[in-house]
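In what follows, chains carry the letters A, B, and so on, assigned in the order in which the sequence lines appear, proteins first and then strands, with residues in each chain numbered from 1. Keep in mind that the numbers below use all heavy atoms, side chains included, and drop hydrogens, waters and symmetry copies.
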Amino acid sequence: MVKWTDFERATIQDIFSKIDYDVVGPAALSRCLIVYPWTQRYFGGFGNLYNAAAITSNPKVAAHGKVVLAGLEKAVKNMDDIKTTYKDLSVLHSEKLQVDPDNFNLLADCLTIVVASQMGAAFTPHVHAAFQKFLDVVVASLRKQYY
Amino acid sequence: MNFNLCPLETWVPRLTMSLSAKDKETVKTFWAKISSSGDAIGADALSRMLVVYPQTKTYFSHWKDLSPGSAPVLKHGATVMGGVGEAVAKIDDLSAGLLSLSELHAFTLRVDPSNFKVLSHNILVVLALMFPTDFTPEVHVAMDKFLAAVARALSEKYR
C-alpha cells in the first residue's frame, strides 16, 4: 500500500486540477515521440510522424495524448489503490499493445517536463518530488501484470 | 565495449546516437540564450535532484546542509553548470575536451554513472520551467542527446 502524505495528496490533486488535459496530454505524447523516436514503433497506424512539426500537428497523436491523460486521471481519483485501478490497463499494455514497460518512464519524464513548463517556479523541488512519486506508482502499477 | 551505454547502444559501437551538426548548432544557440542563468539553473537542478532522488544525497554526506538553495548546493550547482558550459565549448570533441573531468569522476568522485542520467533529467526539468517557450521538443531532444554525450565522456575512464 502506498502511503501519501497530506502534502503529496494535495499536490497531486492541485496539479491535475490546474493543468489543461487537452494541452498537456498531446504535448507530452508528441514530445515523447520526438525526443525518444523509437517509441514511434507503437504508433505505426498514426500516419505522418516524419519530423517534429508533423508529430506536433498530427491529430491522431493529439487524440491519443488526451486518452493517456484520461487514464492518468483514474489514478488521480483512486490514489489509495492505483494498483487495482490499473489492473486492466496493465493487462492491455502487456498482452494486447505489447509495450516495453521501460517506455512508461520515457513518457513519464516527458510529462514531468511539460507540467514543469506549465507551472514554472511553482514546480518546486517538493512539488516535483510528489509528482515523481505519483508517476513512479503509476508506472509500477502498469508494470504489475507483465509476466 | 563500453558498458556504461544505454541499452540501445550496447550492440552498436559508441558512434551511434552521436551529435549531428544540427544538434550541435541547436545546443550552442540555446546555450547562448541561457548561459547567463547558468548558476541559477545548476542550483535549481541540484536542489531538486537531492529532494526528488534522495539516493543522490549519499554523495554529499560531507555537506552540512543539503536543503534546496543552501550554500553548498548553490556553489556546487554553479560548478556543475560551469562544466556543462565547458562541454558546450568543446562539443566537437567531448572525450578529449573533458579528459580531466572524466578522470576526476572516474578515480576520485566515482559517481555511479546511472546518476548522470538523473542529474541530466533534473537539468532538463529546470530548463523547461525557466524557459518554457524556448525549450521546444527540438531543443529538448538536442539537449538530452548532448547531456547523454557529456555523461558518456565523463564515464570514459571508469574502467
Side-chain angles (χ1 to χ4, degrees), chain A residues 7-8 11 15 19 23-24 26-41 49 51-58 61 65 100-103 105-136, chain B residues 6-9 12 16-17 20 22-23 26 37 40-41 43-57 66-70 73-74 77 114 117-148:
Chain A
F7 173 80
E8 288 166 346
T11 298
I15 291 174
I19 59 173
V23 167
V24 168
L29 183 60
S30 53
R31 201 168 272 257
C32 187
L33 295 171
I34 293 166
V35 178
Y36 309 107
W38 54 93
T39 57
Q40 293 168 24
R41 73 188 304 282
L49 298 177
N51 55 34
I55 291 169
T56 314
S57 58
N58 185 310
V61 172
D100 178 343
D102 286 350
N103 290 287
N105 293 107
L106 300 180
L107 181 55
D109 283 352
C110 285
L111 187 61
T112 304
I113 278 169
V114 169
V115 168
S117 68
Q118 297 254 308
M119 291 181 66
F123 198 65
T124 64
H126 289 95
V127 166
H128 180 175
F131 194 65
Q132 186 60 47
K133 179 174 167 177
F134 172 74
L135 290 176
D136 287 344
Chain B
C6 86
L8 206 63
E9 294 176 280
V12 181
T16 52
M17 303 224 283
S20 66
K22 183 165 172 258
D23 291 328
T26 306
S37 305
I41 295 168
D44 192 345
L46 196 60
S47 292
R48 64 182 62 232
M49 183 186 79
L50 295 168
V51 170
V52 182
Y53 302 93
Q55 69 271 19
T56 58
K57 292 194 294 188
L66 285 141
S67 59
S70 69
V73 170
L74 289 180
S114 60
K117 263 189 136 183
V118 175
L119 180 55
S120 296
H121 172 67
N122 282 285
I123 291 172
L124 295 176
V125 169
V126 172
L127 295 177
L129 67 84
M130 283 178 74
F131 308 98
T133 20
D134 292 300
F135 195 64
T136 62
E138 292 92 323
V139 168
H140 178 171
V141 60
M143 285 304 295
D144 193 20
K145 286 178 74 174
F146 168 66
L147 292 173

Hey, which of A:Asp109, A:Val115, A:Ile113 is the one that makes side-chain contact (heavy atoms from CB on, under 4.5 Å) with B:Val125?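 When A:Asp109, A:Val115, A:Ile113 are each tested with B:Val125, the side-chain contact (heavy atoms from CB on, under 4.5 Å) holds only for A:Ile113.
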Specify the closest pair of heavy atoms between A:His126 and B:Pro68, including all atoms of both residues, with the distance to one decimal.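 Smallest heavy-atom distance, with atoms named: CE1-CG, 4.2 Å.
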Can you see which heavy atom on A:Ser117 is nearest to which on B:Pro132, and at what distance?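 Looking at all heavy atoms of both residues, the shortest contact is O-CB, 3.6 Å.
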For residues 27-35 of chain A, which side-chain N or O atoms pair as donor and acceptor with protein atoms under 3.5 Å away, sequence neighbours left out?
from: A:Ser30; atom 1: OG; to: A:Pro26; atom 2: O; distance (Å): 2.7
from: A:Ser30; atom 1: OG; to: A:Ala27; atom 2: O; distance (Å): 3.3
from: A:Arg31; atom 1: NH1; to: B:Phe135; atom 2: O; distance (Å): 3.2
from: A:Arg31; atom 1: NH1; to: B:His140; atom 2: ND1; distance (Å): 3.0
from: A:Arg31; atom 1: NH2; to: B:Phe135; atom 2: O; distance (Å): 2.9

Tell me, side chain or backbone of B:Thr133 under 4.5 Å from chain A's heavy atoms, or both, or neither?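 For B:Thr133, there is no contact with chain A at all, as no heavy atom is under 4.5 Å.
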Spell out the residues in residues 129-136 of chain A that have some non-hydrogen atom less than 4.5 Å away from a non-hydrogen atom of chain B, in order of number; otherwise answer 'none'.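 Against chain B, the residues of residues 129-136 of chain A that fall inside the cut-off (heavy atoms, under 4.5 Å) are A:Ala129, A:Gln132.
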Option that, when pairs with chain A are counted at under 4.5 Å, heavy atom only, ranks first among B:Lys145, B:His121, B:Met49: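 Highest number of heavy-atom pairs under 4.5 Å: B:His121.
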If the condition is ring-ring contact (aromatic ring centres under 6.0 Å, His included), which residues does B:Phe131 pass it with, not counting sequence neighbours?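 Once residues adjacent in sequence are excluded, B:Phe131 has no partner under the ring-ring contact (aromatic ring centres under 6.0 Å, His included) criterion.
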Please name all residues satisfying side chain to side chain contact (heavy atoms under 4.5 Å, CB included) with A:Val23, sequence neighbours left out, ordered by chain then number.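 Counting only residues at least two positions away or on another chain, A:Val23 forms a side chain to side chain contact (heavy atoms under 4.5 Å, CB included) with A:Asp20, A:Gln118.
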Does a side-chain heavy-atom distance below 4.5 Å link B:Leu129 with A:Met119?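 No. Closest side-chain heavy atoms not under 4.5 Å.
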